[in-house]
Amino acid sequence: MSSQGRMEPVRFRPPLYQQRYDFVKSYVDTYMPKKVADLGCSECSLLQRLKFWNCIEQLVGVDIDEDILKRKMYTLTPLPTHYLEPLKRSLTVTLYHGSVSQKDPALLGFDLITCIELIEHLEADDLEKIQDVLFGFMAPNAAVISTPNVEFNILLSKNSKFRHPDHKFEWSRKEFQSWAMKVARQYNYTVEFSGVGEPPPEHKDVGFCSQIGVFNKNYVESEESINDKKKYTRVYKTVFHVVYPSLQEEKYLRQAVLNVALFHAHRLKTNFLHHLIPEEYDKETNMADREKELCVQTKWFSSLQNEPVNEESNGLQPFLQENNVHVPLETLFAISRVKEICGSLEVLRNMLSGEATLSKDGSTIVFPVQLQND
Ligand code: SAM
């Protein structure tokens with residue numbers, strides 16, 4: 001209560017919108033969906049957060065407000081660091097301008113579809129349609145729907161009927177749950193109820209500020225049914241589509257392999273010469289320093305520096321043969337980061353050929369050295 005005896009409006013920490021996103025993020029952490037769509041994505045705030053989740057390979061946003069999508073789509077473009085350090089998974093992000101009351105085959109086959117504070121913005125006829133579009137047509141494996149709990153409004157000290165002027169309704173827990181259970185029964189889903197925005201202890205009975213239904217599909221859709229739906233005419237307009245740099249793509253994989261493998265190959269060669277002939281080492285070190293200068297500003301260089309390196313693991317060491325230092329590919333492949341990126345010795349060999357001089361049998365990288373005192 002304030003000093004005037006009025007009730008202080010409840011404030012949430014973290015803010016309520018953040019709690020809703022955290023709810024979705026923890027769902028994603030647990031169930032690891034690959035294809036995720038956010039209906040009524042508005043400023044793309046949830047999509048921005050979800051693009052960092054390693055399991056997600058396809059991220060889609062849909063909104064009826066094209067302007068807002070166009071204003072915010074840049075927040076979803078890859079950053080320069082994404083090009084320096086491509087993702088291991090593939091990731092595409094697409095924004096569609098369209099209404100969730102329309103069926104578009106672009107939204108088929110999703111693991112998770114979220115509707116965060118969307119349904120209360122829909123007129124009665126669109127609310128009726130979205131049930132069939134979301135659960136009958138899109139038929140995702142799971143859906144998360146959040147909407148205001150009107151019972152909480154007494155703690156928000158608003159003068160207006162609804163929390164937002166564009167809301168067409170706000171439901172009590174009973175109203176939301178009976179709608180959700182009816183829809184779940186009709187489309188063969190199960191639904192569980194939860195929420196975010198805890199009420200203060202003395203008002204526990206009003207429930208969460210945002211009520212949430214988590215729907216899970218109880219059946220596996222037949223190929224025939226999916227193929228029939230794919231024949232529907234496309235109605236959504238693509239406003240934004242981006243493919244993130246990924247190691248799944250040959251050009252980025254090649255670049256990453258070359259960055260990492262050649263860096264370590266040079267380092268192995270330099271260390272070898274240092275042990276063999278310390279006076280030659282200075283020349284080599286100077287060269288290595290120049291290389292370092294070139295890449296010192298890039299993040300990958302510092303990550304390479306910190307990598308655990310286990311050069312002894314396979315027992316193969318660089319060796320000298322006719323003024324050439326040979327660095328065995330097997331030794332490079334034993335380095336955890338090289339192994340992680342390449343996956344196999346064969347990939348490492350293929351990526352290096354043409355970019356570095358390999359021995360005839362392809363087992364070593366060859367570095368010519370000018371040794372003054374043979
Ligand atoms: N989901 C957003 C979030 O959590 O940040 C906020 C959603 S905002 C409150 C509601 C959004 O639904 C608006 O951006 C609005 O344009 C969109 N919307 C309203 N009716 C729609 C419809 N029929 N189809 C698609 N989007 C719609």
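Ligands are counted one by one from 1 in listed order, and the atoms in each one are counted from 1 as well.
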If we check side-chain contact (heavy atoms from CB on, under 4.5 Å) with Pro78, which of these qualifies: Val93, Val242, Leu91? Val242
Verify whether the ring centers belonging to Phe176 and Phe208 lie closer than 6.0 Å. no
Atom pairs and distances, donor-acceptor, side-chain atoms in residues 57-64, under 3.5 Å, two or more places apart:
unit_1 : atom_1 : unit_2 : atom_2 : d
Asp63  : OD1    : Asp65  : N      : 2.9
Asp63  : OD2    : Cys41  : N      : 3.3
Asp63  : OD2    : Ser42  : N      : 2.8

Those residues with a heavy-atom separation under 4.0 Å from ligand 1 are Tyr21, Gly40, Ser42, Asp63, Ile64, Asp65, Gly98, Ser99, Val100, Ile116, Glu117, Leu118, His121, Leu122
Go through the steps to decide whether Thr94 and Phe240 satisfy the test side chain to side chain contact (heavy atoms under 4.5 Å, CB included), and finish with yes or no. CA-CA 5 Å; Thr94 311; Phe240 175 82; over 6 Å; no
hydrophobic_cluster_shared for Val191 and Ile119, side chain cutoff 4.5 Å: yes
Taking the ring centre of each residue, are Tyr232 and Phe137 less than 6.0 Å apart? yes
